Amino acid sequence: MTNGPLIVQSDKTLLLEVDHPDASACRMAIAPFAELERSPEHMHTYRLTPLGLWNARAAGHDAEGVVDALLRFSRYPVPHSLLVDVAETMDRYGRLQLLNDPAHGLVLRGLDRAVLVEVAKSKKVAGMLGAQLDPDTIAVHGSERGHLKQVLLKLGWPAEDLAGYVDGEAHPIALRQNGWQLRSYQREAVEHFQAGGSGVVVLPCGAGKTLVGAAAMADVSATTLILVTNTVAGRQWKRELLARTTLTEDEIGEYSGERKEIRPVTIATYQVLTTRRNGTFPHLNVFDARDWGLIVYDEVHLLPAPMFRFTADLQARRRLGLTATLVREDGKEGDVFSLIGPKRYDAPWKDIEAQGWIAPADCTEIRVTLPDADRLAYAAIEPEEKYKFAATAKAKLPVIEALIQRHADEQVLVIGAYLEQLHEIGRYLDEQGVPTPIVHGGTTNKERERLFDAFRAGSLRTLILSKVGNFSIDLPEAAVAVQVSGTFGSRQEEAQRLGRVLRPKGDGRQAHFYTVVSRDTIDTEYAAHRQRFLAEQGYAYTIVDADDVLSGPAGG
DNA sequence: CACCTAGCAA
DNA sequence: CTTCATGCTAGGTG
């Protein structure tokens, strides 16, 4: 392409011109292997990382395809050194293999003798390897399968784990045939997972990850341990399994702070497993309580650090990670890759939208100019207080109200992070004649239920949500969300909040996602960081001035 | 035993 | 960069 949308630079960044006619085709082509780094209005920056290339490799893409995509969309000649580097990096995955040798048990096999010699010399693998069996094979201590993979990844030679899995204790599980079937992408996800035996499936919020889990369980038909972030999610799993599989009430156990049941299918919270007492973990027996044939990690992007240690010892069991966003803010993507497994399936949000399983959404960033007094105050305060000050600016209040008026026929959620601010918004909206209750952490379960029921029934049109909206999944769906403040730059929070409005509307209506930020402050920067993940999924933010919202006629 | 609350961890 | 929400545990009550 002589005038393509992509500029490929030798520092491994890719610049995508957003308004170019081929921009969206280009984004589709590079998404499987490149990570979006910055997404301002006109030029998006992607980066090629080893982990991104290895994930693509594990998902079946080869260097030739990656090189082809870069050449096809590049505006200028692509630096030769970069193409060589891409090919070499991708070729590093799988030069070492972990295999199960009938005579010697777990072994490390080098498809390249020099690589095997190189890593065997490393101090970091000391103690993990046993005898050299032949020039291409070294015995591995069975208990070090996970640790070795972590170390090899850090050395830049990620091993392909072909050592197989134990079957575990068989337990019949089948999908019920009662008038539903797996969607095509769910079926593909299960097939890709099955082929690898361990790894991560990435699907948007509301795309039915639980059913992917249920189908994987039916395939394996063995006792299963499901790990979840909170008890609400655990109950949701149980409800879904009862509805969609042949499993019955007494086959499914809950292992949480409240209950300690271990059944053929056990749903446990991460937190109960990672609680410590006197320096030990009193609930680790759950892992050995049964001969689990499958372990499901729900919301794998939130996996707490100690879980990686336990997972290192579970490498012989099939492992399925489920998530909407593989990105972690703590940089532990490498541990997910080594210990849960590579990404096996990834359906872009826009693809699922095109199939009609999630509603189309338009995202708008509304910039509010602070009054002079606030700008002066902002300039003077300590850096650590700047974000809160900018995010909770009073100038946002009329904009929130105008948005609620603009969508007078829709149900609106107002979502924020600071309780004081949310109460202030509640008072303001009350004064404007839009009574809007708040649901926050301190709201009792009974009261939450009452408000959510009223919202679902339509008798309540507007609702303010605190961070409860990031965690709990038993929340109402709306067509419009207004985000007023966030947890600094959390990308998963943004994705979670957008997910609140993506349930398909009966009449094919659009969903609207607004984020209100203070101009010329750190609020704008954090908003840009939060938007990165969704930009990667193809959601374009329109930036408008608050005055257009306040004065303009009803639009949208 | 069921239910509540405070304190803590990450 | 700091808040907020959560779940677990222990120690109370009726």
Side-chain angles (χ1 to χ4, degrees), chain A residues 226-237 254-261 267-286 298-310 328-332 335 378 381-393 413-426 438-448 451-452 463-475 483-494 496-497 500 517-518 521-530:
Chain A
I226 301 168
L227 305 174
V228 297
T229 51
N230 57 48
T231 49
V232 179
R235 309 259 157 83
Q236 188 112 324
W237 268 92
E254 172 181 326
Y255 199 99
S256 64
E258 219 170 300
R259 283 184 223 173
K260 302 282 184 289
E261 303 161 348
I267 303 170
T269 56
Y270 289 128
Q271 243 175 298
V272 76
L273 296 176
T274 52
T275 43
R276 269 169 194 278
R277 209 169 349 161
N278 307 326
T280 63
F281 296 90
H283 297 294
L284 278 191
N285 60 311
V286 173
D298 195 22
E299 312 279 8
V300 81
H301 59 289
L302 298 173
L303 198 71
M307 283 304 304
F308 287 116
R309 274 202 279 149
F310 308 149
R328 297 177 61 102
E329 304 295 345
D330 66 359
K332 288 197 174 292
D335 286 332
Y378 176 79
I381 59 174
E382 297 300 314
E384 55 267 28
E385 289 166 23
K386 276 189 178 345
Y387 176 66
K388 184 175 181 182
F389 184 92
T392 61
L413 291 174
V414 177
I415 312 177
Y418 295 99
L419 292 180
E420 275 170 65
Q421 178 191 30
L422 298 178
H423 284 107
E424 186 177 31
I425 294 169
I438 307 173
V439 176
H440 59 98
T443 311
T444 60
N445 275 330
K446 205 170 194 173
E447 180 71 357
R448 289 184 199 198
L451 291 170
F452 289 162
L463 193 60
I464 299 173
L465 285 180
S466 73
K467 280 173 84 163
V468 292
N470 301 355
F471 293 85
S472 223
I473 46 179
D474 229 5
L475 285 175
Q483 177 173 238
V484 295
S485 55
T487 310
F488 304 101
S490 169
R491 291 169 282 181
Q492 20 169 309
E493 180 176 85
E494 186 94 347
Q496 196 75 248
R497 288 172 169 179
R500 289 271 147 260
V517 302
S518 299
T521 69
I522 193 164
D523 194 16
T524 319
E525 282 172 45
Y526 283 140
H529 186 262
R530 286 202 304 266

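The sequence lines fix the lettering, A, B, ..., with proteins before strands; numbering per chain opens at 1. Values in this document were obtained by computation on a predicted structure and should not be read as measured data.
Atom CD in A/Glu385 sits roughly 9 Å away from atom P in C/dT3 (whole-Å rounding). For the pair A/Gln496 CD and C/dC4 C1', the interatomic distance rounds to 15 Å; values are reported in whole Å. At whole-Å resolution of the value, CG in A/Asn470 and C1' in C/dC4 are 9 Å apart. With rounding to whole Å, A/Lys446 atom NZ is found 12 Å from B/dC3 atom P. For the pair A/Lys332 NZ and B/dA10 P, the interatomic distance rounds to 14 Å; values are reported in whole Å. One atom, CZ of A/Phe308, and another, P of B/dA10, lie 16 Å apart when rounded to the nearest Å. Rounded to a whole Å, the CD1 atom of A/Ile415 is 15 Å from the C1' atom of C/dC4. For A/Lys386 and C/dT3, the NZ to C1' distance is 19 Å, given to the nearest whole Å.
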In B/S/- notation, 5' to 3', how is nucleotides 5-14 of chain C contacted by protein heavy atoms closer than 4.0 Å? SSBSSS----
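Side-chain contact, A/Glu493 with A/Asn470: a donor N or O sits under 3.5 Å from an acceptor N or O. Using modelled atom types and a 3.5 Å distance limit, the side chains of A/Ser256 and A/Glu254 yield a donor-acceptor pair.
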Distance-only check: which donor-acceptor pairs under 3.5 Å involve side-chain atoms of residues 419-426 of chain A, not counting sequence neighbours?
from     : atom 1 : to       : atom 2 : distance (Å)
A/Gln421 : OE1    : A/Ser485 : OG     : 2.8
A/Gln421 : NE2    : A/Ala391 : O      : 2.9
A/His423 : ND1    : A/Leu419 : O      : 3.0
A/Glu424 : OE2    : A/Lys394 : NZ     : 3.2

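A centroid separation of less than 6.0 Å is found between the aromatic rings of A/Tyr255 and A/His283.
With respect to the salt-bridge test (charged N to carboxylate O, under 4.0 angstrom), the residues A/Lys332 and A/Asp330 do not qualify.
Residue contacts shown for A/Tyr387 are absent, as no nucleic acid heavy atom lies under 4.0 Å away.
Smallest separation of non-hydrogen atoms from A/Leu273 and A/Phe281: O-CD2, 3.9 Å.
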